[in-house]
A.B. asks: 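Mind having a look at this structure? Questions to follow.
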Protein chains: 2
Amino acid sequence: MSIKNYKRQSVTLTDVAEAAGVSVVTVSRALRTPDLVSQAARDRVDTAIRALGYVPNPAAQALASARSRIIGVVIPSVTNQVFADLLRGVMDAVEGTPHAPQFVNTRFHGAREEDLLRMLATQRPAGMIVTGTDQTAASRAILGDMGCPVVQVMETGPDPVDMMIGCDHVAAGRAAVRHLLDQGYRRVGFLGARMDPRAQRRLAGYRAVMEAAGLDDPALVVTTAEPSSYSVGGRLMGDLLSATPDTDAVFCNNDDVALGALFECQRRGLRIPSRMGIVGFNDLDISACSVPTITSVRTHRYDMGHRAVEMIVAALEDARPAEAVIDLGFTLMERQSSRRLEGKTT
Amino acid sequence: MSIKNYKRQSVTLTDVAEAAGVSVVTVSRALRTPDLVSQAARDRVDTAIRALGYVPNPAAQALASARSRIIGVVIPSVTNQVFADLLRGVMDAVEGTPHAPQFVNTRFHGAREEDLLRMLATQRPAGMIVTGTDQTAASRAILGDMGCPVVQVMETGPDPVDMMIGCDHVAAGRAAVRHLLDQGYRRVGFLGARMDPRAQRRLAGYRAVMEAAGLDDPALVVTTAEPSSYSVGGRLMGDLLSATPDTDAVFCNNDDVALGALFECQRRGLRIPSRMGIVGFNDLDISACSVPTITSVRTHRYDMGHRAVEMIVAALEDARPAEAVIDLGFTLMERQSSRRLEGKTT
DNA sequence: TTGTAAGCGTTATCAT
DNA sequence: ATGATAACGCTTACAA
């Protein structure tokens, strides 16, 4: 089998037109704007298409129309479960549409994001989904020039490029920390890995509440730029306990870090939640199953991906959502790891 | 901004040709077969390309050459960490190549796989990566007709469509169970969710070893068709303990199930590994961090994705790997959850 | 409602 | 080594 010379398309519009006894334009129209074609013609075209097994050639469509059916999806990481959920939402949502997602990975690197956007721009995508709200000016410009619907996902904020769907990470951080204070914890630490813009905002929420309560103390905050993982979570917990032994609870950047911190506490024989309260973020499956279960902030990543696609499809049909910015909110899932007032322990 | 009429390409081959004072063909050749172009012409073309900021139009390339730069990647699930690792390998590997992966999700459904393959075929992909070795005859036929390199990933087996990279799941199952027997466990159960073809083969490995040891007992095997998850793992463990209370160890389908089983044992106060030994499969990060750490079988999913792309790229350059089938092997990672002989417990 | 004709930007064929 | 020319399969004016 030679790879260079592949047989060309077997059945083309022309073949269908011939079989249906109409011109190619009519076939094309029957496919994309059936309203402009008579019922009779439409039927004959449909019959011919089915009989011949015609399938459109996407490259030809893209070339002629200067529009592909690709939806570009720009995420900072593929390692992370959080982005996996987003991708799943996107993949499920494109089903039944003519669109296909194309995923690219910035690795949290702004310049790389610009390059990837430029690359995607050459494909004239039908729509774009990008993570977060902190694009560089250049990236925003490229997105604006793409001439397609753009949805920023994962968080909400002012000044959308086009549309936006996510949640308020500052508010989520505040809610998590307030919960810990409500449970009677006072020396509440913050454990953070990666510290991307959304993590920074959750930290800001933490700080706001701690300051308002007069409980803030820089020695309670331990972060690292490393990617988050269970092992990093354990190490951060250890570091915090060394630096600030009287810490009585932690709000963790995400559930990976929280679970790692939990394991570290178990290794050290610190009882949870009596000696140490733990709250995570994202509400991964595991947080509801671990022993003890972990309090976390549930976000709606799958829905963000799913609805972002829907927003793009709607916009392409001139039916943009009423609101350009959609806040999907979050839910604090109170579980054993922070429920001190009821006195449960491991 | 109108979405329907988007500006056409600003800089085309023709523009470059004009600027360089050569014909379009020469520019095209300078780009794809530089050896056939004089040094002088090449330099002028390069200069012009840089000056104008020319970027090729993928749709035009695909239409004219009947070949896109897409690599189709067919996986059965996106929920699973295992496939996330594969995707990561693929995404990293295409970097620096002109290729872009297009991921589709069969949801473990053979007919759906056929449809997706037909859809991908219309794009004339540069290469195909498909999961597993159990394609339907129709799927195999479509793949064979695509006229591009095809790599089956995740497992090895006879009769590749074209190329293959993975590991031997029967052997992996045998190794896991032998380890448990070596550690003195005798009533070794099998916990399995989803039970896709690869899980079936691991179960076959389990059975082979148990039968050879004269220890097989159908009451030790508990499986479900549900997708695997921590909670399902917990339930399966509970079911097995109800049915066969003297079970003293379990080989789990994968690490999700293993961790769920571990949590269930903790809830029931069963000491690990003394009362219950646990071995998982896949060696997810968490298995090295949990308390206790979980023995697992490490596979090389990232590498499979990465190398599958490399195999395709090589094949496209007429440099196929010497072996069509590559076995990446596996490694038993012995950890606390099954190390009974040294007497460690949680 | 339907058709004609002219691209879209590139690669392939065949000369030179 | 280079170029003229014809595809590639489809869409989009514009005309009828």
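Since we're looking at a predicted model, the values are computed, not measured. Letters A, B, ... are given to chains in the order of the sequence lines, protein chains preceding strands, and every chain is numbered from 1.
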A.B. asks: Please classify the nucleic acid contact of A:V37 as base, sugar-phosphate, or nothing, using heavy-atom distances under 4.0 Å.
C.D. replies: sugar-phosphate
A.B. asks: State which of C:dT11, D:dG9, D:dT2 makes the closest approach to the side chain of B:S65.
C.D. replies: C:dT11
A.B. asks: Are B:D134 and B:R198 within salt-bridge range, i.e. N to O under 4.0 Å?
C.D. replies: no
A.B. asks: Is any side-chain nitrogen or oxygen of A:S23 closer than 4.0 Å to OP1 or OP2 of C:dG3?
C.D. replies: yes
A.B. asks: Just to be sure I understand the rule, does A:A62 reach a base, reach only the sugar-phosphate, or reach nothing, if contact means heavy atoms closer than 4.0 Å?
C.D. replies: nothing
A.B. asks: Using a cut-off of strictly less than 4.0 Å, decide whether B:Q61 has a side-chain nitrogen or oxygen near OP1 or OP2 of C:dG9.
C.D. replies: no
A.B. asks: Whole angstrom is fine here: how far is it from CG in B:L36 over to P in C:dA12?
C.D. replies: 12 Å
A.B. asks: Kindly say if B:S28 contacts the phosphate of C:dA12, meaning a side-chain N or O under 4.0 Å from OP1 or OP2.
C.D. replies: no
A.B. asks: Do any N or O atoms from the side chain of A:D145 and from the backbone of A:I142 form a donor-acceptor pair under 3.5 angstrom?
C.D. replies: no
A.B. asks: Verify whether one side chain among A:N57 and A:Q61 offers a donor that lies under 3.5 Å from an acceptor in the other.
C.D. replies: no
A.B. asks: Once you round it to whole Å, what is the distance between P of D:dG3 and CG of B:L13?
C.D. replies: 13 Å
A.B. asks: Could you check how far CZ of B:R67 sits from C1' of C:dT11, rounded to whole Å?
C.D. replies: 14 Å
A.B. asks: What is the distance, to the nearest angstrom, from the CG atom on A:N57 to the P atom on C:dT10?
C.D. replies: 17 Å
A.B. asks: Base, sugar-phosphate, or nothing: which does B:A41 touch, judged by heavy atoms less than 4.0 Å apart?
C.D. replies: sugar-phosphate
A.B. asks: Return the value, rounded to whole Å, for the distance between atom CD of A:Q123 and atom P of C:dG9.
C.D. replies: 16 Å
A.B. asks: Nearest whole angstrom, please: distance from the P of D:dG9 to the CG of A:L63.
C.D. replies: 12 Å
A.B. asks: Please state how far atom CZ in B:R124 lies from atom C1' in C:dT11, giving the value in whole angstrom units.
C.D. replies: 14 Å
A.B. asks: If only side-chain N and O atoms count, and only distance matters, is there a donor-acceptor pair under 3.5 Å linking B:Q102 with A:Q102?
C.D. replies: no
A.B. asks: For the side chain of B:T12, starting at C-beta, report the closest nucleotide among D:dT11, C:dT10, C:dT11.
C.D. replies: C:dT10
A.B. asks: Could you tell me whether the phosphate oxygens of D:dG3, OP1 or OP2, come under 4.0 Å of any side-chain nitrogen or oxygen in B:T26?
C.D. replies: yes
A.B. asks: Kindly write out the residues that satisfy side chain to side chain donor-acceptor pair (under 3.5 Å) with B:S139, not counting sequence neighbours, or none if the list is empty.
C.D. replies: B:T136
A.B. asks: In whole Å, what is the span from the CZ atom of A:R29 to the C1' atom of C:dG3?
C.D. replies: 7 Å
A.B. asks: By nearest heavy atom, map A:V25 and B:V22 onto DNA chain D; which one lands nearer the 5' end?
C.D. replies: B:V22
